[in-house]
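Presented below is the structure to which this report refers.
No hydrogens, no waters, no symmetry mates; every other heavy atom, side chains included, goes into these values. Note that the coordinates shown come from a computational prediction; the quantities given were computed from them, not determined experimentally. Below, read A as the first sequence line, B as the second, and so on, with proteins coming before strands; counting in each chain starts at 1.
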Number of protein chains: 2
Amino acid sequence: MPDGYDRRMPRTSSGSLQSLRRANQERLLTLLLRKGPVHRAELARLADLSRTTVSTIVADLMARGLVVESRGAGPGSDGRAKETLVVNPAAAVALGMDFTFDHVWVHLSDLGHNEIAGAGQAVDVDLGWAERIDVAADLLDRLIEANGLDRARIVGAGIGLPGPIEKSTGIVSTSLPGQPWSHVHAADEFAQRLRLPVAIENNTRLEAVAESYSGAGRGVRDLLYVGLSSGIAAGLILDGRVFRGAVGAAGELGHTSVNVDGPACPCGNRGCLVLHAGIPAVLAALRPHLGAKATVEDVLAAAAAGDRACEGVLADVGQMTGRVLASLCNLLNPERIVIGGELARAGEVLLEPLRTAIRRYALTLVREVDVVPAALDLGAKAGAVGGAALVLRERLDLAAALVDLTDPPPASTEGVAS
Amino acid sequence: MPDGYDRRMPRTSSGSLQSLRRANQERLLTLLLRKGPVHRAELARLADLSRTTVSTIVADLMARGLVVESRGAGPGSDGRAKETLVVNPAAAVALGMDFTFDHVWVHLSDLGHNEIAGAGQAVDVDLGWAERIDVAADLLDRLIEANGLDRARIVGAGIGLPGPIEKSTGIVSTSLPGQPWSHVHAADEFAQRLRLPVAIENNTRLEAVAESYSGAGRGVRDLLYVGLSSGIAAGLILDGRVFRGAVGAAGELGHTSVNVDGPACPCGNRGCLVLHAGIPAVLAALRPHLGAKATVEDVLAAAAAGDRACEGVLADVGQMTGRVLASLCNLLNPERIVIGGELARAGEVLLEPLRTAIRRYALTLVREVDVVPAALDLGAKAGAVGGAALVLRERLDLAAALVDLTDPPPASTEGVAS
DNA sequence: AATCTTTGTCAAGAGTCTTGACGAAATTGC
DNA sequence: GCAATTTCGTCAAGACTCTTGACAAAGATT
């Protein structure tokens, strides 16, 4: 370990009086973020605290620049004028990074989950992990520079890596060939490099978090995010929290067998979904029709232009996926399913058969599930957005803890009711 | 609503100083239950509280009879003698009830999840819900009488009903014919009748809770319980908590399709697992061999006696189930799978092919899952045990809150180190 | 203009946790 | 055996956090 920088996120709360105060600070911040501009008395009712306490805590938060007063249009009722409060979104910044096999994405969000800046860069698939970190660090430096940001205001980093993640160390626990991250102690490496508390997470799960916070899954407690690409993976938000599984390997959907008598899959099983609905399968089915060099873009374009063969194959993908999701709905009873990944760009051609399959094959109660396309998957930056959201979601206390008294940030002028 | 009795469990904690105290009380109780006899200083370290605070809280708990001192064999180290503390298991009682289609089960557990008493009774499948409650109430009265229990010491009831449960009201939200509970406001009915805080839960989930607390899944954070009976259902413990799904319908496993081209199922799907591995399928396959009146017991007995045909069918059940569980392991990456239900009594004849299928068809990382038989399924009382465990698990604060100062229970003499 | 309602703040007080000191009870070393 | 050492449990003082009740301020209502 290069030096003693503590990469762990601070504990949430427990026991002492100070932790009670911290928990209440976080509670008020969360309420302010969710309920928008409210005045102190209303906040006190929402949080089940006395007005006095709310005043004290808010004064503290305001001294640190986390909350600003805006004599705004409160809900019109009688009584004294309300000094409405809003979170100052510019008070803190969350960093997200996402490393796919051929891209590096960096994203900065403010406290309100608004995008401050983002950038991506293609990298050579053979590039080593250290060099990938270099690329990301460069991108980050440039974003900070270009936007005149204060580095000290970044409160944490959420980082997406491909594959299952050993939770405490952030080690990617596969040793597939061509996987640059395997057995790297990613949590330490990133913490040293960025000098920030970091959370390492599988990138499909980060996409799920992104959709859950700023995308098509906003406010949904039990959310299933499905990424349809070369592989087919799921990100699970269960009971409002990211679900990782015992060793961080939860979410593999592509190797769900849909036919015990189906073709053999390299994974050892037979009739895996990915053999029918993965991008390689789609291309294999359509190259006789579109030509040997056809890409996913070609398929999507042709389908959009009305090519029946392409539409048919994409509909089959939807139908097959829908059957698997029907079983999944029986098991998990999600409230909403968000479909992302490259193939999701096919739109209704794929989604409609998928929905139909769920309605047809899932049991009565659970088939009421919403099925919607991802809202953020434009250019695959979703993972990085999710990384930043993860910091804000699970570590909001950080914002309260780390933003320093000595340097109150300027109140932002946007996002404040006038 | 017949009268104003509040059926809701009290809120866990939040905000005020009193709730901090309650949370710390609960924390200490939980630690005492889990870590066995410890002395105050050790408890303070475990809870991250000062010795003084622990002393204060413990004194309070002792005054209420929840904790007793036992000059026991502490871990031998130097220093002053340790006044070891243990929870007085007799201080509070949790009630569990389970209603299956033809049985009523009642169970009483003490604070340490030990069985105090239990009873079951067969009922007519056509019996209405009100009469079923009568039966349960009678059983409860008799248990209380026979064991000389103090009714006031019962801190809550966990009640299992068949089918998906609407969480807040406890309404069973199916309207299948022959389902006596459909659209009954079960939470209110039981609360009125028992005059206790109640939690209504699906009975397979309660069996999962039981296994998770006192059975084969002790201490496992991500646990999959599978009940193999006429239907095939799962109870999911994810991240250490019972997972219910959006409308409380999570856990249906039997209608996972294993073969898209398989036989049609009444559910609307094709090739459902239950068509291959449910009890009706097993009997259908073996009645030509064993005779038209053969029962599950006959099949199990014959298999145990070495009947090849029966062994083969049970092995097929295991293999089929294992294939589905392999996909499920890919998706959820559980740490352990507990197999319960009537068919699980077949033992290794069924389990070994099941394990083999998982090892063969699941991906590398997730197939390290433990697969073990249920430990509690003797006589199907597991659901009631789980109901009591649910009360103790999620509502331990109740024990601290409801046990009254004025009437400290006698210290139990069992379970205390001498 | 007077009254009403609700807000935000202040002072006093109650509840909870921590710190530092000290006696008590066992182990260790001579 | 006896002193030194270690750790425990408790006490008193103090610090921190929340609440209660009172009151002035700011707008709405009459």
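For the pair A:Gln18 and A:Thr53, nearest-nucleotide mapping onto DNA chain D gives the more 5' position to A:Gln18.
What separates CE of A:Met62 from P of C:dG8 is a distance of 11 Å, to the nearest Å.
Between C:dT9, C:dT16, D:dC18, one nucleotide has an atom nearer to the side chain of B:Leu20 than all others, and that is C:dT16. Listed nucleotides: D:dT17, C:dT18, D:dG9. Nearest to the side chain of B:Leu17: D:dT17. Which of D:dC16, D:dG9, D:dC18 sits closest to the side chain of B:Arg40 comes down to D:dG9. Taking every side-chain heavy atom of B:Ser50 into account, C:dT18 is the closest of C:dT9, D:dG9, C:dT18.
You'll find a donor-acceptor pair under 3.5 Å spanning the side chain of B:Arg51 and the base of D:dG9, going by distance alone. Checked by distance alone, B:Thr52 brings a side-chain donor or acceptor within 3.5 Å of a matching partner on the base of C:dT19.
Dashed line: the shortest gap from a side-chain N or O of A:Arg21 to OP1 or OP2 of D:dC18 is under 4.0 Å. The phosphate of C:dT7 has OP1 or OP2 within less than 4.0 Å of a side-chain N or O from A:Arg45. Between A:Asn24 and D:dC18, a side-chain N or O to OP1/OP2 separation shorter than 4.0 Å is present.
Under a 3.5 Å cut-off, the side chain of B:Asp110 and the backbone N or O of B:Ala90 do not form any donor-acceptor pair.
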